[in-house]
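Before any comments, here is the structure.
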There are 2 protein chains.
Amino acid sequence: MTDGKTHDTAESARPVFAAERRQRILELVRANGAVSLRDLARAVGSSEVTVRRDVRMLEGEGLLDRHHGGATLPGELTREPTYSQKTQLSGTEKAAIADLAASLVEDGDAIAIGAGTTTQALARRLVRHTELAVVTNSLLVAQALADCPRVEVVMTGGTLRGSIHALVGSPAEQALAGLRVRRAFISGNGLTAERGLSTPNLQVASVDRAMARAAEDVVVLADHTKIGVDTMVQTVPTEEITHLVTDDDAPRDVLDDLASRGVRLHVARG
Amino acid sequence: MTDGKTHDTAESARPVFAAERRQRILELVRANGAVSLRDLARAVGSSEVTVRRDVRMLEGEGLLDRHHGGATLPGELTREPTYSQKTQLSGTEKAAIADLAASLVEDGDAIAIGAGTTTQALARRLVRHTELAVVTNSLLVAQALADCPRVEVVMTGGTLRGSIHALVGSPAEQALAGLRVRRAFISGNGLTAERGLSTPNLQVASVDRAMARAAEDVVVLADHTKIGVDTMVQTVPTEEITHLVTDDDAPRDVLDDLASRGVRLHVARG
DNA sequence: TCACATTCGATCTAAACCGATCAAATAGCG
DNA sequence: CGCTATTTGATCGGTTTAGATCGAATGTGA
C-alpha cells in the first residue's frame with residue numbers, strides 16, 4: 001500500500017517488488033507442497049535465476065526447504081528420525097538386554113510384553129520358545145511373534161499410538177484388567193530409584209500400569225540411557241518392580257539404590 | 001488461499017523430488033512389509049534403476065533392508081517365501097483394486113478394514129486422507145496407517161492369527177459389535193453370487209461377519225482369482241454386499257450375476 | 001544338480017539443475 | 001545530468017540426477 005516512492009512513473013506494467021515476489025513464492029510452495037523452480041519462475045513472471053536467488057534467501061530464513069529441482073515446505077520430507085533409527089541408537093545394548101530378558105522366560109509361561117524397541121527385541125528372542133502365551137499392546141511385538149506357531153499372541157484392543165506403534169486407551173487397559181500373567185516385561189523412557197519407571201505420555205503410562213497390575217512379577221527393560229532419568233508420568237513405582245534388565249553402562253549408584261529397594265538386577269555386558 | 005490472477009499453468013504436474021520419492025518408498029515398505037523393486041518403481045513413477053539406488057541409500061541409513069527383488073523392513077526376520085508369493089501373485093491387480101477402493105473413502109469417514117493383502121494395499125492408499133477413523137483387526141493395516149497422524153486407528157483385541165496377521169476370537173468380535181461405521185472393506189478367499197464372500201477359516205469368518213454387521217455398506221475387495229470361487233465358511237451373503245471392487249480379469253458372468261443381485265461393481269483395469 | 005530366468009552392480013550417456021560470473025536496466029543520489 | 005548501487009537476466013562450466021545397457025551373480029524350477 002504505502003510504498004515509499006509513489007507515482008514517480010505510472011507507466012505500463014505494475015512493478016513486482018522483490019518482497020512481493022518472495023511472498024508469492026512462499027504462497028505457491030505452501031499451497032502445492034512442492035513446486036519446481038521452473039513453475040515458480042513462470043508463476044511469478046521472473047527468470048529462473050531470480051527465483052533461485054529468492055528461494056535460497058527464503059531457505060536461509062527457514063521458510064522453505066530447497067531441493068534439487070525446486071522447493072518444498074520446510075521439514076516436510078526430512079522426518080528421518082523415525083522409529084527405525086531409534087533401534088539403531090544403541091542396538092548392541094538392546095540386543096544384550098533382550099537376550100538376558102529372554103532367559104527370564106520359560107516354556108509354558110504366560111507373559112505380558114509392553115511397547116518399546118527393547119521389548120520388540122525381546123519378542124524376537126522368544127520365537128524358539130514353546131507353549132508360550134503372550135499378551136501385548138505392541139504391534140511390533142505381535143508382528144515379531146506372528147509367524148511363530150508355538151506362541152499364542154493375544155493383543156489388547158485400543159487406539160493406535162503411531163509413534164510407538166502400540167495400542168492405548170481404555171480398551172487396552174480393560175483387556176489387561178481381565179488377565180493374569182506371570183511376568184510383565186515393560187520398558188519406559190526413564191527409571192529412577194525414587195520414582196520408578198516413567199514415560200512422557202499419559203495414555204502410555206496408564207496401559208503400562210495396567211500391564212504391571214496384571215502380572216505377578218514386573219520386569220523392567222531399560223538401557224543405560226534411561227537409568228537415572230525421570231520423565232513426566234510414573235508408570236510403575238520401584239516397589240512393584242521385581243527385576244531390572246539393563247546394560248553395564250548404567251550408573252552404578254542408581255543400580256545400587258534400586259537393588260537396595262528390592263529390585264533384582266540383571267546387567268548385560270555389551 | 002488468494003490464488004493469483006495469473007493463469008495457472010495446469011500443464012506442469014507437481015514435481016516429485018528425490019527426497020519425497022525416498023519417503024514414499026519408505027512408506028510403501030513400511031506399509032507392505034516387503035515390496036518388490038518393480039512395484040516400487042511403478043508406485044513412485046521412476047525406473048527400477050533409480051529405485052534401486054534409493055533403496056541402497058535407505059539401506060545405508062538403516063531404514064530398510066535390501067533383498068533380492070525388493071526391500072523389507074529393517075531388522076525383521078524376513079519371511080522370504082511368503083514375500084515373493086504375496087507380492088508377485090497379482091501385485092498389479094491388487095494395486096489397481098486398492099486404488100479404486102480408496103476412492104470410496106472420503107475424508108472424515110469412519111470405516112472398518114478387514115484382514116488381507118488387498119485391504120493392506122488399500123490402507124496404504126489412505127495415508128493422505130484426513131480426519132479418518134479406521135477400525136481394523138489387521139496388524140498390517142494398522143502398521144500401514146501407524147505413521148499417519150491424521151488417521152485415527154482403532155484395533156480390536158483378540159488372538160493373533162499369524163498366517164494372516166490379524167486378530168480373531170471373541171474379543172475381536174465383541175469390539176466390533178460395539179461399533180458402527182459407514183463402510184467396511186472386507187476381503188476373503190472366494191466370492192460367488194450364490195454364497196457371497198467366503199473364507200476357509202471359521203474364526204476369520206466370524207470376525208468378518210461382525211465387521212460387516214458393524215457397517216452400513218459392505219465393500220468387498222477381491223481380485224479375479226477369487227471371483228467364482230467358493231471356500232468353506234460363508235462370511236457375508238451376497239445380499240449384504242453393497243460394493244465389489246475387482247479387476248477386469250474377473251469372469252464376466254459371475255460379475256453380471258452379482259450385479260443383478262444388487263452389488264455395485266467397480267472394475268479396475270490392470 | 002543343472003539350466004533358465006531374474007535381478008544386481010557398474011559403467012556410460014543424456015539431461016536437468018546449480019553456481020558463478022558478467023552484462024544490462026533501473027532507481028537513488030549528488 | 002551523470003554516476004553509482006542494486007537488482008534482474010543471460011551464459012557457461014561443473015555437478016547432480018535419472019535412465020539404459022551388459023556382464024555377473026543369485027534364485028527358481030525341473
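Just so we're on the same page: letters track the sequence lines, and every chain starts at 1.
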Taking D/dT16, D/dA20, D/dT8 as options, the one with an atom nearest any side-chain atom of A/T50 is D/dT8
Protein and nucleotides 19-24 of chain C: nitrogen or oxygen contacts under 3.5 angstrom:
residue : atom : partner : partner atom : Å
C/dG19  : OP1  : A/R66   : NH2          : 3.3
C/dG19  : OP2  : A/R56   : NH2          : 2.9
C/dG19  : OP2  : A/R66   : NH1          : 3.1

When rounded to whole Å, the CZ to C1' distance for the pair B/R22 and D/dA18 reads 11 Å
A/R21 atom CZ is separated from D/dT7 atom P, nearest whole Å, by 10 Å
Between CE of B/M57 and P of C/dC8 the distance, given in whole Å, is 16 Å
The side-chain hydrogen bond (donor to acceptor under 3.5 Å, both in side chains) partners of B/H266 (sequence neighbours excluded) come to B/H243
- May I ask you to decide if B/S198's main-chain N or O and B/T231's side chain share a donor-acceptor pair within less than 3.5 Å? yes
Between CG of A/L37 and P of C/dA15 the distance, given in whole Å, is 20 Å
Contacts of A/R30 meeting salt bridge (Lys or Arg N to Asp or Glu O under 4.0 Å) (sequence neighbours excluded), chain-then-number -> none
Practice problem: Give a yes or no on whether B/E194 atom CD has more than 12 heavy-atom contacts from other residues, nucleotides or ligands under 6.0 Å away. | Solution: yes
Whole-Å distance, B/H68 NE2 to D/dG27 C1', equals 7 Å
From CZ of B/F17 across to C1' of C/dA16 the rounded distance in Å is 12 Å
Sequence neighbours excluded, the answer for side-chain hydrogen bond (donor to acceptor under 3.5 Å, both in side chains) partners of B/T130 is B/D107
**Study point:** Intermediate values then yes/no, side chain to side chain contact (heavy atoms under 4.5 Å, CB included), B/L126 and B/V151
**Key:** CA-CA 8 Å; B/L126 300 180; B/V151 177; 5.6 Å; no
### Task
Measure from the side-chain N and O atoms of B/T235 to the backbone N and O of B/L197, and report whether any donor-acceptor pair falls under 3.5 Å.
yes
Rounded to whole Å, CD of A/E48 lies from P of D/dG9 at a distance of 11 Å
Among side-chain atoms of A/D223 and A/T225, is any donor-acceptor pair under 3.5 angstrom?
-> yes
Residues passing the salt bridge (Lys or Arg N to Asp or Glu O under 4.0 Å) test with A/R22, sequence neighbours excluded, are A/D54
Whole-Å distance, A/R38 CZ to C/dA15 P, equals 13 Å
If each end axis of the helix from C/dT1-D/dA30 to C/dG30-D/dC1 is fitted on five C1' pair positions, the angle between them, to 10 degrees, is 30°
